[in-house]
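As the structure is a prediction and not an experimental result, all values here were calculated from the model. Proteins get letters first, then strands, A, B, ... in listed order; numbering begins at 1 in each.
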Amino acid sequence: MSRSKRARPPFEKWTGPTRPYDLVKEVVACFVVVVVIVVACAALFSSPDERQISIGDWARADAHNFVMTAVSELDGSSGTASYGPPYNSASDGQKIGPLSLAKLAGVRVAVNAADDFVVAPLQTIAQGQPDLLSELSTWQAATTEQRASWTDAYTKSADVASYDAMGNPTLPAGDYGPVQPMLAALVSMARNGGLDGALATERGFYNNNNYTRQMLFLADGSYLEQRATDQHLGGDQWGMMNEVGNYPGQAWLWLYTVWYQVPPFKTSGNADALIWGLMMVFTLLFVFVPFIPGLRDIPRVTKVHRLIWREHYRMRQ
Amino acid sequence: MSAHAPSATEAPNWTRAARERAVEALPPDELLPDTQPSYVASWVYVFGAMALASLVLVILTGCLLAVEGPSWWHVSGVGHFVNSMHLWAVEVFFFFMVVHLWAKFFMAAWRGNRQLTWISGAVAFIVSIGAAFTGYLSQQNFSSQWISAEAKDGLNAAGVGAFFNVLDFGQMFTWHVVLLPLVITMLVVGHVLMVRRRGVVPPMEDRPAGAISEATP
């Protein structure tokens with residue numbers, strides 16, 4: 001049998017009464033209406049564009065938080081340093097029951113918080129600064145225990161640290177090793193804008209428009225979150241589905257964001273993994289509605305279709 | 001030129017076979033109809049076409065932004081207006097798409113062997129969420145910073161972040177302007193062709209003489 005004579009699939013074809021219809025006219029009319037709506041909204045409401053935060057902004061606005069975050073990168077206690085996959089192997093990441101999907105995916109965006117956020121950027125400015133070069137060498141040559149001793153001493157004294165107009169921290173006398181001069185150099189570099197550039201480049205040269213290191217370092221501190229909370233964008237304020245100002249944002253993410261507002265997810269350490277698992281189930285239910293008994297029967301039970309086709313049903317009667 | 005009618009003895013011809021299959025799969029009167037079944041008489045049917053028109057405007061404004069590059073709209077009044085149009089086109093696109101989806105759900109529009117039509121529309125909606133999401137990440141402003149910082153944890157927990165790094169502007173931007181629009185366009189074109197080929201689902205609880213061979217899942 002030739003293809004042209006092959007039986008068509010059993011689609012329910014309508015051969016009953018018809019009405020005139022102009023598909024092209026309808027699509028063109030819809031496009032015109034949409035253009036009018038969109039131009040009106042753009043003219044009336046514009047769009048938000050609040051400048052992004054730089055590492056320099058952070059160091060200038062809150063030197064203490066910047067320095068404390070940098071210490072936590074050095075001692076391995078920061079969010080990034082202890083994150084786990086895909087950045088490092090410090091933990092297994094979040095789990096759904098015994099399953100860690102993050103660990104299965106592996107470390108594919110490798111980040112060494114101490115080296116990438118502190119040591120490597122300082123090395124880019126150390127040439128011509130013998131003292132800084134020497135302190136970096138001391139840090140790199142030190143044992144893990146020695147490093148921990150220095151950062152621990154620094155952290156304990158940091159609460160009483162004072163900062164001059166340039167953001168340089170002054171601490172009580174103590175055995176901080178090279179940590180104090182390293183962080184003084186880092187805060188100065190950050191305030192001058194040099195740290196943003198150093199974190200943005202790959203191998204000190206390629207600028208790949210990759211904000212991973214900047215954003216991870218920024219997110220380890222409290223400045224970014226504070227700015228977001230001030231704008232009502234916190235995780236417990238319907239977070240990322242919102243935008244600055246009164247713009248609608250990604251309202252279609254409500255079903256994902258709502259779970260972060262309610263127990264047990266709100267307080268769970270595995271909230272992200274659990275909510276993603278839940279959303280995967282919902283997504284499959286949504287896509288495969290036609291095959292799921294009960295779900296696919298809802299339209300027949302609710303009878304909303306009688307409203308949509310009321311003309312048809314009225315004519316039939 | 002006279003119409004060419006292939007004979008049984010004619011040598012195989014891929015072009016002719018492709019043409020015949022295309023015409024068979026999508027007869028012109030089904031592709032561009034000038035009549036509709038009498039039951040297609042509700043304003044709710046307009047929302048599918050409105051969603052389609054919005055998508056066209058989203059792509060057009062996106063192309064304008066792409067011509068000048070990702071920094072243009074931050075420093076130009078015209079660029080900012082085009083960006084505003086892009087944003088609002090996305091907002092109305094989702095509004096019309098959601099209404100269209102709910103309407104089709106309550107029509108049980110998958111009846112009559114139209115399951116794939118529903119699935120293609122549902123997947124297009126999900127991919128559109130991804131496209132809009134990468135758009136928000138590509139703004140290079142405070143919103144994109146915060147959204148990426150928040151979103152990374154969910155994606156990392158799901159194992160997706162290892163391959164889809166929301167903190168990498170370059171990766172998100174190329175997904176937003178190339179990969180996802182391509183996927184959405186293919187899905188929507190397929191969805192519309194399926195609607196045209198399979199017809200608009202008839203009313204429920206109705207077995208009019210005109211309806212034949214229903215295959216309810």
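Judged purely by distance below 3.5 Å, without hydrogens or angles, the side chains of B:D153 and A:Y83 pair a donor atom with an acceptor atom. A side-chain donor from one of B:Q140 and A:Y211 sits under 3.5 Å from a side-chain acceptor of the other. Between the side chains of A:T212 and B:D168, no donor N or O sits under 3.5 Å from an acceptor N or O. A:S46 and B:H80 form a side-chain donor-acceptor contact under 3.5 Å, judged by distance and modelled atom types alone. Using modelled atom types and a 3.5 Å distance limit, the side chains of B:T35 and A:T18 yield no donor-acceptor pair. Side-chain polar atoms of B:H74 and A:D49 form a donor-acceptor pair below 3.5 angstrom.
In this structure the side chain of B:F106 reaches within 4.5 angstrom of the side chain of A:T302, judged on heavy atoms. Looking at A:V38 and B:S54, their side chains never come closer than 4.5 Å, going by heavy atoms from C-beta outward. Residues A:Y247 and B:W88 form a side-chain contact, since some pair of their non-hydrogen atoms from C-beta on lies under 4.5 Å apart. No side-chain heavy atom of B:M50 sits under 4.5 Å from any side-chain heavy atom of A:V27. At least one side-chain heavy atom of A:F31 sits under 4.5 Å from a side-chain heavy atom of B:L57. Residues B:Y45 and A:E26 form no side-chain contact, since every pair of their non-hydrogen atoms from C-beta on lies 4.5 Å or further apart. You'll find the side chain of B:L167 stays beyond 4.5 Å of the side chain of A:R213, heavy atoms only.
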I'd like to know whether A:W252 forms a side chain to side chain contact (heavy atoms under 4.5 Å, CB included) with B:V98, so could you lay out the CA-CA distance, the side-chain angles of the two residues, the decisive distance to 0.1 Å, and finally the verdict. CA-CA 9 Å; A:W252 42 89; B:V98 167; 5.5 Å; no
Side chain to side chain contact (heavy atoms under 4.5 Å, CB included), that's the test. Do B:L52 and A:C30 meet it? Break it down for me. CA-CA 9 Å; B:L52 187 63; A:C30 286; over 6 Å; no
Residue pair B:D34, A:Y21: steps toward the side chain to side chain contact (heavy atoms under 4.5 Å, CB included) verdict: CA-CA 5 Å; B:D34 54 10; A:Y21 177 61; over 6 Å; no
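Figure legend: A:R227 and B:F142 shown as a cation-pi pair, the cationic atom lying under 6.0 angstrom from the six-membered ring centre and within 45 degrees of its axis.
Between the side chain of A:R300 and the backbone N or O of B:M204 there is no donor-acceptor pair closer than 3.5 Å. In this structure, B:W146 contributes its side chain and A:L233 its backbone to a donor-acceptor pair below 3.5 Å. B:Q145 places a side-chain N or O within 3.5 Å of a backbone atom of A:I53 that can act as its donor or acceptor partner.
Only the side chain of B:F96 has a heavy atom closer than 4.5 Å to any heavy atom of chain A. In this structure, chain A has no heavy atom under 4.5 Å from any part of B:F93. With a 4.5 Å cut-off on non-hydrogen atoms, B:Y136 touches chain A through its side chain but not through its backbone. The parts of A:V244 that come within reach of chain B are both its backbone and its side chain, each placing non-hydrogen atoms under 4.5 angstrom from that chain.
Annotation: the span from A:T257 atom OG1 to B:E150 atom CD amounts to 9.5 Å, rounded to 0.5 Å. In this structure, the separation between CG on B:N156 and CG on A:D272 is 8.5 Å, given to the nearest 0.5 Å. For the atom pair CD1 of B:I147 and CD of A:Q250, the computed distance is 5.0 Å after rounding to the nearest 0.5 Å. Annotation: the span from A:S47 atom OG to B:N83 atom CG amounts to 4.0 Å, rounded to 0.5 Å. For the atom pair OG of B:S42 and NE2 of A:H312, the computed distance is 13.0 Å after rounding to the nearest 0.5 Å. The line from CZ of A:F286 to CZ of B:F125 is 5.5 Å long, rounded to the nearest 0.5 Å.
Residues A:A42 and B:S84 share a closest heavy-atom pair of CB-CB, 3.7 Å. Shown here for A:Y260 and B:G154, the closest heavy-atom pair between the two residues is OH-CA, 4.5 Å. The two residues B:F81 and A:A43 come nearest to each other via the heavy atoms CE1-N, 3.7 Å. Considering every non-hydrogen atom in both A:R296 and B:W110, the closest pair reads O-CZ2, 3.6 Å. Nearest approach of B:A149 to A:M215, heavy atoms of both residues: CB-CE, 3.9 Å.
The choice from A:D297, A:V109, A:V32, A:L224 that makes the most heavy-atom pairs within less than 4.5 Å of chain B is A:L224. Between chain A and the residues B:M85, B:E91, B:M97, the most heavy-atom pairs under 4.5 angstrom are made by B:E91.
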